[in-house]
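Working notes, beginning with the structure itself.
Lettering follows sequence order; numbering is per chain, from 1.
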2 protein chains.
Amino acid sequence: MKEIEKTLENKNVRPTAMRILIYKYMAEKEIAVALTDIENAFAKSDRTTLYRTLKTFEEKGIVHQIDDGTSTTKYALCEPGCNCEIEQDLHLHFHCSNCNETVCLTEHKIPHINLPDGYVAEDANLVLKGICDKCSRQ
Amino acid sequence: MKEIEKTLENKNVRPTAMRILIYKYMAEKEIAVALTDIENAFAKSDRTTLYRTLKTFEEKGIVHQIDDGTSTTKYALCEPGCNCEIEQDLHLHFHCSNCNETVCLTEHKIPHINLPDGYVAEDANLVLKGICDKCSRQ
DNA sequence: GCAATAAATGCACTTCTGTTGCATCAAAAT
DNA sequence: ATTTTGATGCAACAGAAGTGCATTTATTGC
Ligand SMILES: [Mn+2]
Ligand SMILES: [Mn+2]
Ligand SMILES: [Zn+2]
Ligand SMILES: [Zn+2]
């Protein structure tokens with residue numbers, strides 16, 4: 001608990017009760033979560049607050065946004081040592097079409113791509129879809 | 001015009017007036033288009049019809065859907081010879097953060113990725129974001 | 001501690017995109 | 001010509017994202 005407070009403070013985010021709860025929630029899940037997931041997890045919560053909390057977390061490099069191809073944006077805690085604010089950590093993401101969960105594969109970086117002349121890449125998003133390890137082992 | 005009719009018929013899609021217009025519109029643009037783009041291009045058009053037309057086109061392998069990370073789904077005509085219905089053509093897409101246009105880079109296939117044990121990939125989406133050739137030459 | 005100030009939260013409401021149900025219209029088959 | 005099928009148009013809905021403003025809570029300077 002004190003741990004989380006310190007983490008937030010280190011990132012210049014005031015550790016309010018709600019923020020600590022959200023951080024804790026995300027830390028316990030190993031999968032990426034949507035705004036609605038958090039909303040459902042905390043009955044007594046306001047969507048806007050959660051929304052703005054995630055936005056703040058993202059701006060301060062505490063979480064990163066994931067576009068997994070479903071229509072809902074997901075979020076996941078950044079790895080310790082990740083410097084999202086400064087430069088993107090271009091790892092890939094996996095979305096399971098069976099359990100609908102999305103995970104960060106932080107060890108798997110997006111390979112460098114040679115683009116046609118004139119194109120300058122600044123960011124990249126690679127999402128693989130299929131069956132995740134949990135689902136395939138059943 | 002007759003060309004388009006034949007193309008549609010070959011894909012088992014009845015060449016109605018609206019469908020021919022939509023196909024023509026997409027063929028003239030070299031960039032991926034959103035439902036709203038088509039809607040705006042044809043004053044006298046109904047969103048639902050356009051929506052269902054794109055859906056039909058996709059099912060019949062005439063267009064493919066593109067998730068470029070903006071909140072709106074884009075569509076682009078499939079290359080002649082592309083067999084989307086049977087197996088995905090996993091080329092990459094480029095989204096320009098300056099002009100906001102998305103293009104297919106059909107020559108650039110998504111590289112094979114080695115996944116951790118248990119993960120089975122069936123589909124992949126790779127979008128590069130940055131400055132496109134048109135914008136970088138200015 | 002207390003007033004002034006700034007930040008965080010909660011509520012209401014809006015916009016945008018995608019989607020469905022159902023009635024109507026047009027085309028194809030018998 | 002009648003039946004049947006497919007396409008279109010209107011209306012309404014759902015989900016996610018985002019904004020404005022009032023209120024509450026925390027922080028700062030005195
Ligand atoms: Mn991630
Ligand atoms: Mn494409
Ligand atoms: Zn799974
Ligand atoms: Zn551009």
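We find that CD of E39(A) is positioned 16 Å from P of dA14(D), with the value rounded to whole Å. Between the CZ atom of R19(A) and the P atom of dA26(D) there is a distance of 12 Å, rounded to whole Å. L8(A) has its CG atom 16 Å from the C1' atom of dA26(D), to the nearest Å. Following rounding to the nearest Å, I38(B) (CD1) and dG9(D) (C1') show an atom-to-atom distance of 17 Å.
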Considering only nitrogen or oxygen atoms on both sides, find all protein atoms under 3.5 Å from nucleotides 3-5 of chain D and state each distance.
none

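Near DNA chain C, defined here as any heavy-atom distance below 4.0 Å, the residues from residues 44-53 of chain A are D46(A), T48(A), T49(A), R52(A), listed numerically. Remark: nothing in residues 55-72 of chain A comes within less than 4.0 Å of DNA chain C through any heavy atom.
Taking a cutoff of 4.0 Å between a charged side-chain nitrogen and a carboxylate oxygen, D89(A) and K109(A) qualify as a salt bridge.
Of all heavy-atom pairs between C135(A) and N98(A), the closest is SG-OD1, 3.1 Å. Residues E9(B) and P15(B) approach most closely at OE2-CG, 3.6 Å, considering heavy atoms. Looking at every heavy atom in both residues, F42(A) comes nearest to L21(A) through CZ-O, 3.7 Å. The heavy-atom pair separating M18(B) from S45(B) by the smallest distance is CE-CB, 4.0 Å. The minimum heavy-atom distance between D117(B) and D133(A), with the atom names listed, is O-CB, 3.7 Å. Of all heavy-atom pairs between I22(B) and L50(B), the closest is CD1-CD2, 3.4 Å.
For residues 10-22 of chain B, no pair satisfies side-chain hydrogen bond (donor to acceptor under 3.5 Å, both in side chains), with sequence neighbours left out.
Within the 3.5 Å criterion, the main-chain N or O of G130(A) finds a donor-acceptor partner in the side chain of S97(A). A distance-only check finds no donor-acceptor pair linking the side chain of T102(A) to the backbone of D68(A) [under 3.5 Å]. A donor-acceptor pair under 3.5 Å links the side-chain atoms of N125(B) to the main chain of D67(B), judged by distance alone.
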Practice task
I would like to know whether H91(A) and H93(A) meet side chain to side chain donor-acceptor pair (under 3.5 Å); could you show each step before the answer?
Solution key: CA-CA 7 Å; H91(A) 58 269; H93(A) 294 103; 3.0 Å; yes
Practice task
For the pair Y119(A) and S136(B), evaluate side chain to side chain contact (heavy atoms under 4.5 Å, CB included) and give the outcome as yes or no after the intermediate values.
Solution key: CA-CA 7 Å; Y119(A) 287 88; S136(B) 72; over 6 Å; no
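Where DNA chain C meets chain A (any atom under 4.0 Å from a heavy atom), the bounding nucleotides read 5' to 3' are dA7(C) to dA12(C).
The overall bend of the helix from dG1(C)-dC30(D) to dT30(C)-dA1(D), read as the angle between its terminal helix axes built from five base pairs each, is 20° when rounded to 10 degrees.
Within the 4.5 Å cutoff, side-chain heavy atoms of H64(A) are placed close to those of I66(A).
Here OH of Y23(B) is found 7.0 Å from CG of L8(B). Values are rounded to the nearest 0.5 Å.
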